[in-house]
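Structure first, commentary second.
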Amino acid sequence: MLDDFEKLRTASGSEEWRHRRSMELGSLVQRRLAYLQNPKDCESAKKVVCNLHKGCGFGCQLHHLTYCMITAYAMQRTLILESKGWRYAPKGWETVFMPLSETCTDKGGGSKIRWGPSMSEMERHQILELPIVDSLHPRPEFMPLSVPADLAHDLSTIHGDPPVWWIGQMLQYLFRPNKRLQDDIDATVKRMGFRSTIVGVHVRRTDKINLEAAFHHLDEYMVHVKEYYDQLDRRHNGTQRRVYLATDDSGVLEEAKKKYPSYKFISDNLISKSASLGTRYSDNSLRGIIIDIYLLSRCDFLVCTFSSQVCRVAYEIMQTLHGDASEKFRSLDDVFYYGGQNAHDLRVLEAHPGDGDSMVEIKIGDAVGIAGNHWDGYSKGTNRRTGASGLYPSYKVENTVVAVKMPTYPEVPL
Ligand code: GDP
């Protein structure tokens with residue numbers, strides 16, 4: 001059945017059309033961001049200021065910056081990034097990435113306000129300083145999983161999960177390696193033999209286990225890798241089974257090679273260590289995590305735990321490259337979410353009776369706040385109408401798109 005779906009998608013030409021349209025819309029968003037970030041007069045431009053020093057890992061910091069970028073777009077203010085003294089590169093963001101602006105990187109000395117107390121009060125000030133998302137009060141409606149109203153209809157037509165596409169666009173603008181890093185990435189790709197067809201596996205362990213996520217054995221990931229290649233084999237026999245393995249646990253690569261000899265495992269782990277001799281960044285872990293995210297996002301399919309921001313960032317960027325990669329993943333734990341998101345409600349398409357026990361009653365049109373997917377056909381959530389929580393068949397609900405009015409940037413041609 002999956003093969004038939006795949007054939008139908010390509011045979012009708014709709015896949016190609018959706019991909020093209022996704023690229024066009026992506027290009028529009030990128031041009032809008034470039035316009036926003038390069039105001040004619042930096043001195044008088046309205047700005048939001050975002051400080052990169054959130055006390056967390058790289059993926060988490062990228063998501064912090066992404067929320068700042070969304071805020072900048074939604075409030076039509078240029079984003080100023082403060083990154084000097086960054087724990088990953090003390091000289092700042094531009095050690096590895098392109099600057100967010102060619103013309104305007106200074107917050108200047110205009111009137112300043114910290115986020116809050118009201119939108120109208122903030123509007124009166126030139127410089128708006130953003131807190132970390134956890135202390136964002138009041139919470140604006142433009143936060144994920146919202147998408148801009150002027151793009152919402154098109155996005156719903158071409159993409160399976162528009163909010164992920166939208167977040168991916170922010171990351172595409174932010175996550176632009178500078179020349180030196182890009183040369184490094186290109187050389188690494190060549191040396192490793194990284195190329196399609198390839199499945200990305202991200203195994204997140206060490207400090208995460210038992211605090212924020214459960215331990216998952218390598219075999220649990222490989223079930224899905226095998227399924228992906230078995231299905232592919234029915235269409236193109238004999239595809240080499242390549243896996244890009246990204247992990248913070250150095251033992252996994254050896255285990256993978258030993259246990260799965262029919263797969264070719266590619267990993268940056270060993271290369272990072274040997275390259276550390278001649279490292280040009282203040283912290284070699286920065287190079288490692290950037291390369292892993294970059295390459296995971298360029299895989300054809302991802303198997304990981306969405307509890308990790310590393311994998312979610314890769315999945316978000318993936319959307320900007322594939323057109324629609326919303327189905328190109330298996331998460332062993334969480335459904336997709338964005339830290340600090342507004343409520344994630346799904347709409348019921350088909351009724352299901354409660355059983356007075358673990359199963360919750362749902363009726364057509366009900367909104368269900370999703371808590372998690374058990375990946376066995378059932379999800380868990382709260383019926384907003386009745387307040388009851390429990391399990392329901394995942395296929396009986398669908399995602400809804402929350403469209404929020406944002407600036408439409410008429411100065412930027414379509
Ligand atoms: P999360 O904790 O997994 O949600 O993501 P964070 O980005 O907040 O923190 C994870 C940190 O662990 C990263 O910043 C990396 O330093 C490290 N890490 C996790 N997974 C990987 C990986 O696959 N490769 C590398 N190089 N580092 C990783």
Side-chain angles (χ1 to χ4, degrees), residues 52-68 83 86-90 93 95-97 132-134 144 167 171 174-175 177 181 184-185 188-189 192 194 198-216 218 221 225 243-256 265-276 279 281-299 302-318 329 331-341:
L52 197 52
H53 309 307
K54 185 172 179 181
C56 57
F58 179 75
C60 164
Q61 291 183 337
L62 262 186
H63 274 142
H64 168 57
L65 185 50
T66 302
Y67 125 71
C68 295
S83 66
W86 187 24
R87 59 185 271 213
Y88 284 103
W93 179 256
T95 311
V96 280
F97 293 113
I132 57 169
V133 76
D134 319 65
I167 294 163
L171 280 160
L174 299 167
F175 195 91
L181 175 62
D184 186 356
I185 293 173
T188 307
V189 164
M192 287 193 302
F194 179 98
I198 190 159
V199 174
V201 172
H202 178 235
V203 180
R204 177 76 169 96
R205 292 202 177 139
T206 62
D207 58 310
K208 192 96 173 168
I209 301 301
N210 295 332
L211 287 174
E212 294 179 13
F215 178 93
H216 292 280
L218 179 64
Y221 297 81
V225 179
V243 174
Y244 183 75
L245 181 64
T247 179
D248 57 339
D249 180 347
S250 55
V252 182
L253 181 62
E254 271 321 295
E255 181 192 348
F265 289 93
I266 294 171
S267 177
D268 185 50
N269 278 7
L270 300 175
I271 290 164
S272 292
K273 281 190 195 107
S274 58
S276 68
T279 183
Y281 314 130
S282 61
D283 183 348
N284 200 40
S285 72
L286 177 60
R287 178 193 178 278
I289 186 64
I290 291 176
I291 289 191
D292 276 343
I293 288 176
Y294 184 95
L295 293 180
L296 283 172
S297 74
R298 275 142 179 93
C299 289
L302 278 179
V303 184
C304 64
T305 46
F306 269 173
S307 55
S308 171
Q309 312 225 32
V310 171
C311 188
R312 294 207 308 279
V313 166
Y315 174 64
E316 288 151 2
I317 297 175
M318 204 179 178
F329 78 97
S331 167
L332 302 187
D333 54 16
D334 295 340
V335 290
F336 176 82
Y337 68 98
Y338 186 89
Q341 71 187 19

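Numbering of ligands and ligand atoms starts at 1, following listing order.
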* To do: Test Asp268 against Tyr244 for side chain to side chain contact (heavy atoms under 4.5 Å, CB included), laying out the working first.
  => CA-CA 9 Å; Asp268 185 50; Tyr244 183 75; 3.4 Å; yes
* Asked: Does Cys56 approach ligand 1 within less than 4.0 angstrom via side chain, backbone, both or neither, non-hydrogen atoms only?
  -> neither
* Asked: Considering residues at least two apart in sequence or located in another chain, which fulfil the salt bridge (Lys or Arg N to Asp or Glu O under 4.0 Å) criterion with Glu212?
  -> Lys208
* **Residues forming a side-chain hydrogen bond (donor to acceptor under 3.5 Å, both in side chains) with Asn210, sequence neighbours excluded** => none
* Asked: Any N/O of Glu212 closer than 3.5 Å to an N/O of ligand 1?
  -> no
* Of the backbone atoms (N, CA, C, O) and the side-chain heavy atoms from C-beta on, which set of Gln61 has a member under 4.0 Å from an atom of ligand 1: side chain, backbone, both, or neither? -> neither
* To do: Would you mind running through ligand 1 and noting each atom that sits below 4.0 Å from a heavy atom of Ala246?
  => 23 (O)
* Could you list the atoms of ligand 1 found under 4.0 angstrom from a heavy atom of His202? => 20 (N), 21 (C), 22 (C), 23 (O)
* Asked: So, Tyr88 versus Phe58, ring centres under 6.0 angstrom or not?
  -> yes
* If you measure from the Lys or Arg side-chain nitrogens to the Asp or Glu carboxylate oxygens, is any gap between Arg205 and Asp248 under 4.0 Å? -> no
* Asked: Nearest heavy atom to atom 10 (C) of ligand 1: which of Arg287, Arg205, Arg204 does it belong to?
  -> Arg204
* Structure fact -> Candidates Gly57, Ala314, Gly200; heavy atom nearest atom 9 (O) of ligand 1 found on Gly57
* At under 4.0 Å between heavy atoms, which part of Cys311 makes contact with ligand 1: side chain, backbone, both or neither? -> neither
* Asked: What part of Thr247 sits under 4.0 Å from ligand 1 if we count only heavy atoms: the side chain, the backbone, both or neither?
  -> backbone
* Please say whether Gly59 places an N or O atom under 3.5 Å from an N or O atom belonging to ligand 1. => yes
* To do: Could you verify whether a donor N or O on one side chain and an acceptor N or O on the other, from Gln61 and His53, lie under 3.5 Å apart?
  => no
* ligand 1-proximal atoms of Phe306, by part, heavy-atom distance under 4.0 Å -> neither
* Distance-only side-chain donor-acceptor flag, Tyr338 / Arg312, under 3.5 Å -> no
* Asked: Less than 4.0 Å between a side-chain N and a carboxylate O, is that true for Asp249 and Arg204?
  -> no
* Asked: Short N/O distance, under 3.5 Å, between Ser285 and ligand 1?
  -> no
